[in-house]
Amino acid sequence: MEQNKLEKIVSLCKRRGFIFPGSEIYGGLRGTWDYGPLGTELKFNLKQAWWKYMVQDQENVFGMNASIMMNPKVWEASGHVASFTDPLIECKTCNERFRADKLDDIREHEEMHAKKKEKVEWTEPKQFNILVEAKLGVIEGEKLTVFLRGEITQGVHVNFKNVIDSMHPKIPFGIAQIGKAFRNEITPRNFIFRSREFEQMELQTYVKPDENSAMSVFEDMRQMRMQWYLNLGMNKDKLRFREHAADERAHYARAAWDIEYETPWGWDEAEGIHHRGDWDLSRHSQFSGEDLSYFDQETKEKFIPWVIETSAGVERPLLYFLLDAYHEEEERIVLKLHPKLAPFKAAVFPLLKNKPELVAKAQEIYKDLKKNFSVAWDDRGNIGKRYFSQDEIGTPYCITVDFDTLEDDAVTIRDRDTMKQERIKISELQAYIRKSLE
Ligand code: ATP
């Protein structure tokens, strides 16, 4: 089951309109994925849950949204031009390229050749920069080579001065961003786990440059980030922290921990929490010539703050939530997604579609619920089939309008996880659904 769970998720995502291979009708584009109607809702809900928890529920955290294309000097200052690299090796037999540190991929490739009785020889590893380039401008020969951002972090740091000048935050404070990032990944793999275009959700917390206050914020962030997954119903036995070994950390990182999930291919990264010291602001001060220090009104001190970063992808957690929610039961496949994440919060059915009075009443309820929630309508096939169809896309509640509804203004509401049905008044439906979202 675990072995082919990923394949089952890929197939469900395609069949039910969550995620499709990018540019599929043209044979695809490796490392890109397109989100369909349900995947778009799921992704939106995931980002919204992060934003609510990390920004709106917090004091002293501000949101921002920077450009994907930035002045190329940004990437020199951040160190990405010099060292945003992965070690690359090439198979001399078929010229396919791999990341030298991804031993599973290499082993798999060697086994493939071994089956065909072919010998494999590898080239020496060489460093490959994974920033994606684009050409900007209209005059040939004068086009500026820019990079599509390889991480969203820098867009926040280069706006540090703008945010403090406009918002006057008291330290410690945070700046959060969600947005696309691009990497020329050598081996995109495991569905949306490693792709060339993806989204990130990040909070940069600026703290006083002293180890005690920095580590206290770091520890709070670590706990807070783990809690986010648990609040959204992820199985706690499948989550763990992993501290980076010294040789894994960027040279400027003073501490680095990952949150990992136990995937069908083993424990793997969901996100990272990093203590970046003053690396970012110092480098941008140096390269831009702007003074990016902070003046503390209380202590009258001026300093370059340190940064504690939490950096999550959107797609990796999304995939982990799908893996975690996927259950095969005797008669059905069910996605036990937290109602906050579920693409639809409820589905409304008329018991029979050829009875205008049932359809009219069901439509009335559907339209009323739709004012506040994302709700599906289904009148195809029999009720049992409709239940299973909604289970498979994770809809927490199915609401059926039958002949009794016309008399008693009540409906049957069926719970996705327990499959229990109960009768409730139409007037109580909104509150019932809202409660599940708290
Ligand atoms: P990896 O070692 O797996 O390539 P990373 O350690 O380089 O990842 P970071 O640079 O720390 O990743 O990026 C922060 C987060 O962004 C990751 O935890 C992950 O959720 C997400 N992420 C990074 N690269 C990709 C990618 N190619 N596809 C999808 N998500 C990604």
Side-chain angles (χ1 to χ4, degrees), residues 6 9-10 13-14 18-24 28-36 38-51 54 63-70 74-75 78 80 84-86 99 101-102 105 128-134 146-156 176-204 225 228-229 232 234 250 258-261 263-265 268-274 309-324 341 343:
L6 185 64
I9 300 267
V10 174
C13 283
K14 168 98 161 71
F18 283 88
I19 304 166
F20 313 123
S23 322
E24 195 178 13
L29 179 68
R30 192 158 174 232
T32 68
W33 299 92
D34 294 340
Y35 284 70
L38 300 194
T40 304
E41 291 291 333
L42 173 58
K43 203 177 198 193
F44 177 78
N45 295 341
L46 185 92
K47 290 191 279 185
Q48 211 186 25
W50 188 92
W51 196 259
M54 298 297 290
M64 74 153 291
N65 196 274
S67 284
I68 287 174
M69 293 185 289
M70 305 179 80
V74 169
W75 304 106
S78 66
H80 284 77
F84 196 46
T85 55
D86 281 331
R99 248 171 85 170
D101 57 337
K102 296 289 166 195
D105 296 356
F128 173 80
N129 192 296
I130 60 173
L131 282 173
V132 176
E133 285 182 9
V146 295
F147 300 110
L148 305 184
R149 61 183 177 195
E151 61 171 31
I152 63 170
T153 320
Q154 302 308 324
V156 168
Q177 176 168 223
I178 298 181
K180 291 250 178 181
F182 302 81
R183 293 183 189 179
N184 244 327
E185 294 285 358
I186 298 164
T187 34
R189 63 172 294 149
N190 289 336
F191 193 28
I192 54 174
F193 170 82
R194 188 184 308 288
S195 43
R196 288 181 166 145
E197 174 176 343
F198 55 97
E199 284 188 86
Q200 293 184 310
M201 314 185 275
E202 292 193 346
L203 172 66
Q204 311 294 325
R225 288 310 305 144
W228 182 74
Y229 291 91
L232 288 171
M234 200 174 262
D258 282 348
I259 293 180
E260 295 190 332
Y261 181 80
T263 70
W265 61 92
D268 219 331
E269 178 176 336
E271 64 173 88
I273 301 114
H274 313 121
E309 170 192 71
T310 77
S311 172
V314 173
E315 290 81 357
R316 277 189 201 175
L318 188 148
L319 175 59
Y320 299 162
F321 278 112
L322 284 173
L323 285 163
D324 212 59
L341 298 180

Decide yes or no on side chain to side chain contact (heavy atoms under 4.5 Å, CB included) for Ile68 and Phe182, but give the supporting numbers first.
CA-CA 9 Å; Ile68 287 174; Phe182 302 81; 3.6 Å; yes
So Asn190 and Thr263, side chain to side chain contact (heavy atoms under 4.5 Å, CB included) or not? Walk me through it.
CA-CA 10 Å; Asn190 289 336; Thr263 70; over 6 Å; no
If you apply the rule side chain to side chain contact (heavy atoms under 4.5 Å, CB included), what do you find for Phe128 with Asp86, and how did you get there?
CA-CA 5 Å; Phe128 173 80; Asp86 281 331; 5.5 Å; no
Please report the C-alpha distance between Leu6 and Leu319 in whole Å, then the side-chain angles of each, then the deciding distance to 0.1 Å, and finally whether the side chain to side chain contact (heavy atoms under 4.5 Å, CB included) criterion is met.
CA-CA 9 Å; Leu6 185 64; Leu319 175 59; 4.0 Å; yes
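Within the 4.5 Å cutoff, the side chain of Gln200 has no heavy atoms near those of the Gln177 side chain. Cys13 places a side-chain heavy atom less than 4.5 Å from the side chain of Phe191. The shortest distance between side-chain heavy atoms of Arg194 and Lys102 falls below 4.5 Å. Between Glu197 and Trp33, every side-chain heavy-atom pair lies at or beyond the 4.5 Å cut-off. For the pair Lys14 and Pro21, the minimum side-chain heavy-atom distance is below 4.5 Å.
Listed for the Gln154 side chain is no donor-acceptor partner under 3.5 Å among the backbone atoms of Val74. Arg183 places a side-chain N or O within 3.5 Å of a backbone atom of Gly150 that can act as its donor or acceptor partner.
A pairwise comparison of heavy atoms in Arg196 and Arg30 identifies NH1-O, 3.5 Å as the closest pair. The minimum heavy-atom distance linking Ala181 with Ile152 is given by the pair CB-CG2, 4.4 Å. Closest heavy-atom contact between Ser195 and Pro188: CA-CB, 4.5 Å. For the residue pair Leu148 and Leu131, the shortest heavy atom distance occurs at O-CD2, 4.4 Å. When all heavy atoms are compared, the tightest approach of Leu29 to Ser23 is CB-OG, 4.3 Å. For Met201 against Gly313, the heavy-atom pair with the smallest separation is CE-O, 3.4 Å.
Residues forming a side chain to side chain contact (heavy atoms under 4.5 Å, CB included) with Met234 (at least two apart in sequence, or on another chain): Tyr229, Leu239, Tyr261, Tyr320, Phe321, Asp324. Shown here are the ring pair (Phe, Tyr, Trp, His ring centres under 6.0 Å) partners of Tyr35, two or more places apart in sequence or in another chain: there are none. Residues satisfying the side chain to side chain contact (heavy atoms under 4.5 Å, CB included) test with Glu41, not counting sequence neighbours, are Pro343, Ser374.
From Leu203, atom CG reaches atom OG1 of Thr153 across 11.0 Å, with rounding to the nearest 0.5 Å. Note: Leu232 CG to Trp50 CH2 = 13.0 Å, rounded to the nearest 0.5 Å. Annotation: the span from Met54 atom CE to Ile178 atom CD1 amounts to 10.0 Å, rounded to 0.5 Å.
For the residue pair Thr310 / Glu271, no side-chain donor-acceptor distance below 3.5 Å is found, with atom types taken as modelled. Side-chain atoms of Gln204 and Glu309 form a donor-acceptor pair, as typed in the model, at a separation below 3.5 Å. No side-chain N or O of Glu151 forms a donor-acceptor pair with one of Ser311 less than 3.5 Å apart.
When ring centroids are compared, Phe193 and Trp265 come within the 6.0 Å threshold.
Heavy-atom neighbours of Phe44 CZ from other residues, nucleotides or ligands within 6.0 Å: at or below the threshold of 12.
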